Amino acid sequence: MPKPRIAKETFEALAARAGLPLTPAQKTELYEAYGYVEAMAERVRAGGKRAPLVEPATIFKARG
Amino acid sequence: MTEIQTIAEAGKLIAARKLSPVELTEACLARIERLNGTLNAFIRITAERALAEAKAAEAALMAGKSKGALHGIPIAHKDIYCTKGLATTAHSKLLADHVPAEDAATVVKLADAGTVMLGKLATHEFAWGGPSFDLPWPPARNPWNPKHFTGGSSSGTGAAVAAGLVLGGTGSDTGGSIRGPAAYCGVAGIKPTYGLCSRRGILPLAYSLDHAGPLAWTVEDCAILLQAMAGHDPQDPASADVPIPDYRAALAAPIRGLRIGFVRHFHESDNPSNAAVKKSLEAAADTFRRLGADVRDATLPSLEDWHACGMLIMMTEAYTLHEPWLKSRPQDYGDFMRDRLSLAAFFTAADYIQAQRMRRELCARYAEAMQAFDLLLCAATPFEAPLIEAVTKMSSFERPSLTFPFNVTGAPALALRCGFTDAGLPLGMQLAGRPFEDALVLRAGHAYEIATSWSKRRPAIVS
């Protein structure tokens with residue numbers, strides 16, 4: 001399991017901002033798993049090298 | 001051993017009036033009575049309704065009014081498929097009393113094709129939270145060894161088909177939820193092209209990744225079920241408006257000359273598989289060569305890329321659906337679903353958009369890779385079904401998924417058995433193709449299946 005890079009206090013602040021009613025045990029468990037979130041978020045950014053013209057796959061098309 | 005027919009076999013016997021739909025339904029109900037207490041495949045059994053439908057099918061067939069290959073065939077639906085007047089719970093306390101007013105579009109199509117519905121099948125909670133022991137119903141268990149996991153989330157469908165409790169069933173696949181159970185339960189299951197089968201009336205997990213599809217004992221049976229399920233639905237915004245070929249008729253063409261890309265790096269380095277899986281895949285590649293296919297190594301982006309992209313999209317889309325309940329009724333979820341999904345709250349909108357941009361890139365690279373191949377062969381799971389108690393809450397994140405690439409691309413992907421371990425647990429593989437070439441994927445799977453003998457073997461529990 002990748003270790004989270006942020007401190008637990010920061011994680012708890014993010015959890016509070018998200019508005020999730022987490023128990024202390026859940027906070028501990030989710031904090032331990034937070035490294036997965038960081039890893040996925042980093043991976044989809046491709047190191048910031050993605051060309052601006054690459055559009056999201058969800059791009060909206062107007063219909064007549 | 002009690003003989004369990006395939007859909008194709010039963011259909012022939014029914015058409016020849018050598019087998020009655022009532023007899024067939026009664027045989028399935030008897031197996032359910034005997035085995036469901038161990039396997040937990042069904043969470044709701046509709047025996048009276050099933051027998052009434054079977055009798056109606058019999059009467060229609062005797063009057064010469066056949067609806068085709070599925071007329072009188074017993075099936076069941078994953079309990080995220082809405083069934084009118086019959087509870088559809090997503091295996092969750094939150095929807096324990098949810099009784100839909102309408103059938104899902106594919107439920108209607110399968111009913112119109114003459115199937116007999118035996119009930120609702122176990123699933124992971126909301127198609128992701130499982131295997132969970134803290135839900136209103138227990139998780140399904142693997143008929144090959146009930147101490148082992150079925151795979152998920154179409155867990156009940158995989159178990160029910162493998163044990164002959166039904167001849168076919170519906171599943172859904174957002175990240176592998178048809179193919180995982182197909183591989184672990186030793187049956188066939190296809191995640192069709194995205195949009196081929198209507199999602200309307202199927203409780204969603206992630207809008208842009210959810211696929212509806214069938215599981216059955218054989219690839220031919222999957223083709224028969226898919227024929228009924230596929231088709232444009234103007235009320236599903238993702239529904240593809242494309243001609244639907246005759247999937248069953250297309251099975252017969254030989255596969256000589258087909259170019260098959262063997263994506264070895266998926267199971268050799270990206271998500272290292274065990275020796276049994278590796279050996280079974282090499283043997284499968286050799287079988288395809290003997291059938292005249294041109295099998296060569298293929299390279300796709302790393303599984304870590306597919307996994308990050310697909311999982312982030314899945315989690316964030318699912319979170320938007322569940323956010324109100326996660327905040328107001330967290331105690332009514334099972335731990336697995338609640339905590340897995342809570343992690344999604346930490347992704348940002350920018351994360352989601354980046355994942356969708358990555359999705360476009362990955363789809364382009366897939367299309368480019370598929371210029372050299374007609375089909376891909378790869379692993380479905382890195383090992384055989386584990387013990388059910390060994391599946392951890394965060395297991396979805398521990399290894400990059402072998403199945404996500406084909407949800408991200410929307411390409412058709414079939415899982416089918418390709419061997420057994422020494423302990424008698426099934427091993428599975430995947431065949432995948434280009435979007436809307438589902439018929440070709442099924443053809444190759446069928447050719448492999450009839451060239452091997454894996455489908456002759458049923459779980460010992462069925463005897």
Side-chain angles (χ1 to χ4, degrees), chain A, chain B residues 194 207-209 237 301-302 304-317 319 322-324 326-331 335 338-364 392-398 400 408-410:
Chain A
M1 193 185 295
K3 282 193 166 315
R5 290 195 293 265
I6 60 172
K8 192 164 184 217
E9 293 73 26
T10 309
F11 169 84
E12 291 191 1
L14 291 174
R17 183 174 182 275
L20 288 176
L22 302 176
T23 65
Q26 278 178 285
K27 284 179 190 172
T28 299
E29 188 173 12
L30 292 179
Y31 175 62
E32 284 170 6
Y34 185 77
Y36 290 126
V37 172
E38 287 174 331
M40 284 187 269
E42 183 176 341
R43 192 123 193 155
V44 300
R45 278 173 169 72
K49 292 175 187 158
R50 184 168 291 123
L53 294 179
V54 176
E55 301 197 16
T58 47
I59 272 300
F60 173 77
K61 287 184 190 176
R63 292 178 200 278
Chain B
Y194 183 73
Y207 305 110
S208 71
L209 292 167
S302 154
E304 291 283 3
D305 283 345
W306 296 105
H307 185 86
C309 175
M311 184 61 79
L312 199 156
I313 291 171
M314 185 184 92
M315 289 172 72
T316 46
E317 289 186 3
Y319 181 75
H322 287 272
E323 187 181 21
L326 280 171
K327 290 180 175 174
S328 63
R329 296 177 63 183
Q331 71 282 359
D335 282 1
R338 186 197 59 226
D339 292 347
R340 285 176 183 171
L341 202 45
S342 292
L343 281 175
F346 299 96
F347 287 120
T348 65
D351 292 334
Y352 177 76
I353 299 292
Q354 292 290 11
Q356 289 285 8
R357 294 177 72 206
M358 187 182 199
R359 187 176 194 176
R360 188 176 291 282
E361 289 180 320
L362 290 171
C363 288
T392 61
K393 186 185 292 186
M394 299 302 172
S395 58
S396 298
F397 309 111
E398 289 164 3
V408 169
T409 55

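Computed from heavy atoms alone, side chains included, the values below leave out hydrogens, waters and symmetry copies. Per chain, numbering begins at 1; letters A, B, ... match sequence-line order. Model, not experiment: these values are computed from the prediction.
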Let me know if [X] has heavy atoms under 4.5 Å from chain A in its side chain, its backbone, both or neither.
| X | result |
| --- | --- |
| B/Tyr319 | side chain |
| B/Thr316 | neither |
| B/Ser208 | neither |
| B/Ala350 | both |
| B/Thr348 | side chain |

At what distance, to the nearest 0.5 angstrom, does [atom1] of [X] lie from [atom2] of [Y]?
| X | Y | atom1 | atom2 | value |
| --- | --- | --- | --- | --- |
| B/Phe397 | A/Met40 | CZ | CE | 5.0 Å |
| B/Arg360 | A/Ile59 | CZ | CD1 | 7.0 Å |
| A/Tyr36 | B/Glu398 | OH | CD | 4.5 Å |
| B/Arg340 | A/Leu30 | CZ | CG | 12.5 Å |
| B/Met358 | A/Arg50 | CE | CZ | 6.0 Å |
| B/Trp306 | A/Arg43 | CH2 | CZ | 12.5 Å |

Please identify, among [options], the residue contributing the most non-hydrogen atom pairs under 4.5 Å to chain A.
| options | value |
| --- | --- |
| B/Ala355, B/Ala308, B/Cys309, B/Ala364 | B/Ala308 |
| B/Cys363, B/Ala344, B/Ser342 | B/Ser342 |
| B/Ile353, B/Asp339, B/Ile313 | B/Asp339 |
| B/Arg359, B/Met394, B/Arg338, B/Lys327 | B/Lys327 |

Quiz item: Can you say whether A/Ala46 sits under 4.5 Å from chain B via the side chain, the backbone, both, or neither, judging by heavy atoms?
Solution: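 For A/Ala46, no heavy atom lies under 4.5 Å from chain B.
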
Practice problem: Go through the atoms of A/Ala15 and report whether side chain, backbone, both or neither lie under 4.5 Å from a heavy atom of chain B. | Solution: both

Exercise. Flag the pair A/Val44 / B/Arg357 as yes when at least one side-chain heavy-atom distance between them is below 4.5 Å, and no otherwise.
Key: no

Quiz item: Which heavy atom in A/Val37 sits nearest to a heavy atom in B/Phe346, and how many Å separate them?
Solution: CG1-CB, 4.2 Å

Practice problem: Tabulate, in ascending numerical order, the residues of residues 18-27 of chain A having at least one heavy atom closer than 4.5 Å to a heavy atom of chain B, or enter 'none'. | Solution: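 Interface residues of residues 18-27 of chain A: A/Ala18, A/Gly19, A/Leu20, A/Pro21, A/Leu22, A/Gln26.
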
